[in-house]
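Predicted, not measured: the structure shown is a model, and the values here were computed from it. Just follow the structure's listing: the first ligand is 1, and inside any ligand the first atom is 1.
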Amino acid sequence: MAVVGLSGRLARCYCLRAVRSSLCVPALQLHVSKTAMGASQKDFESAVNQVKLLKKDPGNEVKLKLYALYKQATEGPCNTPKPGLFDLINKAKWDAWNALGNLPKETARQNYVDLVSGLRSSSDSSSQVKPEADKKQAGYETLVITSEDHITKIMLNRPAKKNALNTQMYQEIMLALEAASKDDSTITVFTGSGDYYSSGNDLTNFTDIPPGGVEEKAKNGAILLRDFVDCFIDFPKPLVAVVNGPAVGISVTILGLFDLVYASDRATFHTPFSHLGQTPEGCSSYTFPKIMGLAKAVEMLIFGKKLTAGEAYAQGLVTEVFPDSTFEKEVWTRLKAYSKLPRNAMRISKQIIRNHEKEKLHAINAEESSILQERWLSDECVNAVMNFLSQKAKL
Ligand SMILES: CCCCCCCCCCC/C=C/C(=O)SCCNC(=O)CCNC(=O)[C@H](O)C(C)(C)COP(=O)(O)OP(=O)(O)OC[C@H]1O[C@@H](n2cnc3c(N)ncnc32)[C@H](O)[C@@H]1OP(=O)(O)O
């Protein structure tokens with residue numbers, strides 16, 4: 001489970017506001033007195049403040065522990081209703097707090113202070129390590145995230161499912177983007193693990209129906225989609241897609257919001273929305289006609305024409321195509337060189353280029369998401385999804 005703080009426009013990313021507030025807890029909320037055996041209120045307050053100053057992100061597991069101990073220390077045992085199945089983050093937080101059972105407040109406070117003290121020493125010693133050292137970020141289940149040479153690489157990592165985006169992956173990508181927007185990398189790269197870049201929306205996302213029924217499911221799906229795409233619209237640094245293989249659905253449409261798209265000659269680009277009873281998203285109803293002209297956009301978005309990498313390059317969706325045999329080497333050599341360019345200049349240039357359209361893109365995203373909310377309830381869509389799930393019908 002991935003948990004990080006959020007800010008600014010990106011704070012619309014799905015349901016995580018509570019995490020920020022719980023990890024940046026104001027000291028004045030505390031009313032804990034000193035006990036003979038445990039940490040004092042002052043120690044506790046000081047630990048709460050130190051968490052904000054940690055040089056190294058402690059990872060989501062530790063953040064959840066801190067959250068749980070903080071709640072236990074200040075409020076006692078968990079007594080709030082369990083969040084719903086789809087409220088993944090709040091559910092993880094609730095689980096962590098609830099797992100502490102009847103642990104006394106004083107013990108929780110002491111454990112919090114001890115945990116922070118351990119984090120401080122490991123953060124201090126690790127800050128002596130070369131900051132650029134390659135490090136895989138913990139806490140993500142559907143992504144592998146590494147930082148090296150001022151590049152944050154976000155790798156979609158469900159190769160057995162062709163990197164289909166399940167709801168967890170949508171959430172984790174939003175978190176990863178939020179973290180990447182603030183880290184010291186200059187560019188952020190998306191790629192896929194295995195033979196696919198991504199097969200798009202995981203069609204099993206349609207199966208888990210909440211107590212509120214399919215209408216609630218569709219409503220939540222539209223909120224998730226809108227928040228997800230908003231994160232791409234607002235991402236402040238150069239965003240690069242390294243399309244290592246076939247790309248389907250939403251993994252194709254959001255390419256219109258990327259700054260560079262490098263493709264292996266094995267990659268294909270497919271948006272079979274009509275086949276699925278669905279409609280375009282990812283702002284593609286606007287970006288695709290703008291990028292490739294109306295005629296070619298219609299072929300892709302209404303008729304589901306699958307493009308080869310060469311065709312996608314010719315239409316302007318792809319920046320450059322490389323032979324698969326040398327794809328990784330050539331692309332990463334190029335990106336490492338680009339990553340040495342001055343960070344602020346690149347960021348500001350992106351702002352100048354993209355800012356004119358931001359509000360428009362947000363409005364288009366909202367409209368596309370709301371139209372899809374209706375579509376997901378249509379017979380056309382339900383039948384297409386059932387068809388895939390029951391017979392494993394292929395595109
Ligand atoms: C109302 C609820 C809303 C929920 C949340 C909404 C969030 C926003 C949604 C935004 C809208 C997005 C739209 C899209 O992206 S449309 C595109 C959807 N994608 C597809 O239709 C692709 C379906 N997959 C296929 O056709 C084939 O799998 C594919 C051609 C991609 C590969 O074929 P191949 O024969 O090479 O491999 P397999 O089919 O054997 O695949 C291996 C296993 O992976 C599973 N798989 C692959 N893709 C998906 C997928 N998209 N969804 C679910 N599962 C997928 C496949 O079933 C295999 O699994 P098993 O090994 O278990 O059989």
Side-chain angles (χ1 to χ4, degrees), residues 13-15 85-88 142 156-174 192-210 212-232 243-257 266-285 288 300-302 304-306 365-395:
C13 291
Y14 204 52
C15 84
L85 207 57
F86 290 95
D87 195 356
L88 294 176
T142 65
L156 311 176
N157 192 35
R158 299 182 71 219
K161 299 290 178 187
K162 310 292 182 191
N163 299 322
L165 284 97
N166 59 8
T167 47
Q168 185 178 0
M169 195 188 276
Y170 285 111
Q171 305 275 9
E172 290 192 355
I173 289 173
M174 291 191 281
S193 120
D195 60 343
Y196 259 65
Y197 176 67
S198 169
S199 62
N201 188 38
D202 189 319
L203 296 173
T204 66
N205 285 338
F206 291 93
T207 54
D208 211 354
I209 305 301
V214 284
E215 284 81 9
E216 186 186 325
K217 178 88 192 169
K219 188 172 167 218
N220 291 340
I223 293 169
L224 176 62
L225 173 62
R226 180 178 163 173
D227 289 347
F228 177 75
V229 175
D230 274 349
C231 290
F232 286 85
V243 186
N244 53 298
V248 184
I250 192 164
S251 73
V252 176
T253 55
I254 52 168
L255 293 177
L257 302 171
R266 219 172 44 75
T268 52
F269 299 82
H270 194 190
T271 49
F273 297 128
S274 300
H275 298 71
L276 293 165
Q278 297 185 37
T279 46
E281 23 63 357
C283 295
S284 59
S285 61
F288 277 29
M300 277 192 88
L301 296 175
I302 300 185
K305 183 182 178 190
K306 189 197 284 188
N365 179 29
E367 190 190 6
E368 289 177 347
S369 302
S370 138
I371 290 171
L372 265 174
Q373 181 178 338
E374 298 286 313
R375 279 278 92 208
W376 289 327
L377 300 175
S378 70
D379 285 350
E380 288 177 348
C381 177
V382 172
N383 290 340
V385 173
M386 294 283 285
N387 204 24
F388 174 81
L389 296 175
S390 58
Q391 301 168 15
K392 293 283 175 171
K394 300 281 166 67
L395 293 170

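Residues I173 and L165 meet the side-chain proximity criterion, which asks for heavy atoms closer than 4.5 Å. Residues L301 and S284 meet the side-chain proximity criterion, which asks for heavy atoms closer than 4.5 Å. Between L224 and Q171, some side-chain heavy-atom pair lies under the 4.5 Å cut-off.
When all heavy atoms are compared, the tightest approach of S251 to L255 is O-CG, 3.4 Å.
Backbone and side-chain nitrogen or oxygen atoms of S199 are examined, and one is located within less than 3.5 angstrom of a nitrogen or oxygen of ligand 1. At least one N or O atom of N201, backbone or side chain, sits closer than 3.5 Å to an N or O atom of ligand 1. Considering backbone and side-chain atoms together, T167 places no N or O closer than 3.5 Å to any N or O of ligand 1. Between F273 and ligand 1, a contact under 3.5 Å exists for no N or O pair. For the pair G221 and ligand 1, the shortest N or O to N or O distance does not fall below 3.5 Å.
Under a 4.0 Å criterion applied to the non-hydrogen atoms of G249, ligand 1 contributes the atoms 14 (C), 15 (O), 16 (S), 17 (C). Residue contact check: F206 has heavy atoms under 4.0 Å from atoms 1 (C), 2 (C) of ligand 1. Ligand 1 places these atoms under 4.0 Å from at least one heavy atom of K162: 36 (O), 37 (O), 41 (O), 42 (C), 47 (C). Under a 4.0 Å criterion applied to the non-hydrogen atoms of L225, ligand 1 contributes the atoms 8 (C), 10 (C). Atoms of ligand 1 found under 4.0 Å from any heavy atom of N205, numbered from 1 in the order shown, are 4 (C). Ligand 1 places these atoms under 4.0 Å from at least one heavy atom of G200: 15 (O). Heavy-atom proximity to Y170, at under 4.0 Å, picks out these atoms of ligand 1: 7 (C), 8 (C), 9 (C), 10 (C). Near Y196, with a cut-off below 4.0 Å to any heavy atom, the atoms of ligand 1 are 29 (C), 30 (C), 31 (C), 32 (C).
The closest approach between a heavy atom of F228 and any atom of ligand 1 is not below 4.0 Å. Heavy-atom separations between A160 and ligand 1 include at least one value shorter than 4.0 Å.
No side-chain donor from either of T142 and Q168 sits under 3.5 Å from a side-chain acceptor of the other.
A salt bridge (Lys or Arg N to Asp or Glu O under 4.0 Å) check over residues 267-285, counting only residues at least two apart or in different chains, returns nothing.
Here the straight-line distance linking atom OG of S193 with atom CG of L156 works out to 8.5 Å at 0.5 Å rounding.
When the ring pair (Phe, Tyr, Trp, His ring centres under 6.0 Å) test is applied to F288, no partner is found at least two apart in sequence or on another chain.
Heavy atoms of L165 found under 4.0 angstrom from ligand 1: none, in either backbone or side chain.
The salt bridge (charged side-chain N to carboxylate O under 4.0 Å, His left out) test with D202 singles out one residue from K161, R158, K162, and that residue is R158.
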Candidate pair L257 and V229, rule side chain to side chain contact (heavy atoms under 4.5 Å, CB included), full reasoning: CA-CA 9 Å; L257 302 171; V229 175; 3.9 Å; yes
